[in-house]
Amino acid sequence: MSQEDRRKIVVALKEETISEGEDIIRQGDVADKFYIIKKGKAAVILNGEKVNELAEGEFFGEQGFVNKNVSKRKASIRAIGGSVVLFALSRDEFYKIFDEKQMRRLFPKRQAISGASSNMMKKQVTISKPSNAVTTKTMDDKK
């Protein structure tokens, strides 16, 4: 990802705070935003059952944008263990920043509803304003 793309992302991100127990997204709703968890935890709820948890630095909601055939949310994401602070990127802003090639490279087929997202695909995302830095590294890089 280019430095210019990183700058665009940081400028476009909007911070949102969701109270514990509230749904961030609901299964079946139209995909309108991509999210990165800045602080807190969220449960992935599929057909009423908790199937996974997401934590700081993890992201969700991209599949509704990357896969153009999927515009509905496949699962609900609910704030747990206190309030969750998120960075949100709207659909329009997402498409202004990422072209199809970038989307396939940056967002491989990954779904928060599979256990793979928290184990195999976990990423630590650091976003700082106003220095316009966005970096990612796998959790294995910390070792």
Side-chain angles (χ1 to χ4, degrees), residues 1-27 29-47 49-68 70-143:
M1 186 180 315
S2 73
Q3 193 64 24
E4 177 61 16
D5 287 340
R6 289 183 178 121
R7 188 196 66 72
K8 288 178 188 175
I9 291 169
V10 171
V11 169
L13 288 171
K14 305 294 183 225
E15 193 171 292
E16 296 182 10
T17 300
I18 307 297
S19 298
E20 180 176 9
E22 286 187 44
D23 286 340
I24 302 164
I25 63 174
R26 288 188 182 97
Q27 186 173 356
D29 282 358
V30 174
D32 60 345
K33 294 180 185 175
F34 162 75
Y35 295 93
I36 302 168
I37 299 176
K38 177 181 177 184
K39 182 179 179 184
K41 289 184 182 180
V44 180
I45 312 292
L46 179 63
N47 300 322
E49 290 186 45
K50 180 180 168 183
V51 296
N52 202 0
E53 279 189 20
L54 302 171
E56 294 175 16
E58 292 189 287
F59 58 89
F60 59 93
E62 80 286 355
Q63 289 302 309
F65 299 164
V66 174
N67 184 347
K68 293 189 179 186
V70 177
S71 63
K72 303 261 182 189
R73 301 293 189 189
K74 293 182 178 183
S76 295
I77 309 290
R78 184 172 298 144
I80 59 172
S83 293
V84 176
V85 180
L86 305 156
F87 289 119
L89 187 64
S90 72
R91 174 183 286 278
D92 291 339
E93 292 298 326
F94 189 92
Y95 285 127
K96 285 179 189 175
I97 297 167
F98 300 110
D99 62 29
E100 275 192 56
K101 185 178 177 182
Q102 286 175 309
M103 285 190 282
R104 282 194 303 273
R105 185 175 51 80
L106 295 171
F107 305 106
K109 286 199 173 197
R110 176 199 83 86
Q111 296 174 338
I113 60 175
S114 71
S117 72
S118 64
N119 298 324
M120 296 167 54
M121 300 297 288
K122 187 180 277 187
K123 295 208 178 215
Q124 177 66 39
V125 178
T126 307
I127 301 171
S128 44
K129 289 185 178 184
S131 65
N132 297 338
V134 174
T135 60
T136 63
K137 61 182 176 180
T138 64
M139 296 305 284
D140 292 337
D141 292 343
K142 287 184 172 183
K143 296 177 184 174

Atom pair CD1 (I45) and CG (D23), whose distance is rounded to the nearest 0.5 Å: 7.5 Å

More than 12 heavy atoms of other groups within 6.0 Å of E49 CD: no

E93 backbone acceptor or donor facing S90 side chain under 3.5 Å: yes

Any F60 side-chain heavy atom under 4.5 Å of V44 side chain: no

Side-chain ion pair, K33 and D92, N-O less than 4.0 Å: no

Main-chain N/O of A42 paired with R78 side-chain donor or acceptor, under 3.5 Å: no

Distance, nearest 0.5 Å, that separates CG of N47 from NZ of K74: 12.5 Å

Straight-line distance of I37 CD1 to L86 CG, nearest 0.5 Å: 6.5 Å

Euclidean distance, E58 CD relative to I77 CD1, rounded to 0.5 Å: 10.0 Å

Within-4.5 Å side-chain heavy-atom neighbours: Y35 and E16: yes

Side-chain (S76) to main-chain (Q27) donor-acceptor, under 3.5 angstrom: yes

Taking every non-hydrogen atom, the tightest pair across K41 and E53: CD-OE1, 3.9 Å

Close side-chain approach of I97 to L89, heavy-atom, < 4.5 Å: yes

Minimal non-hydrogen separation, S19 against S83, with atom names: CA-OG, 3.9 Å

Non-hydrogen side-chain atoms of L13 and K8 separated by less than 4.5 Å: no

Reported NZ-to-CD distance for the pair K39 and E15, which is rounded to 0.5 angstrom: 10.0 Å

Mutual orientation of the aromatic rings belonging to F34 and F59 [parallel < 30°, tilted 30-60°, perpendicular > 60°]: tilted

Pairwise distance CG(D29) to CD1(I24) - rounded to 0.5 angstrom: 13.0 Å

Exercise: identify the closest heavy-atom pair between I80 and A43: CG2-CB, 3.8 Å

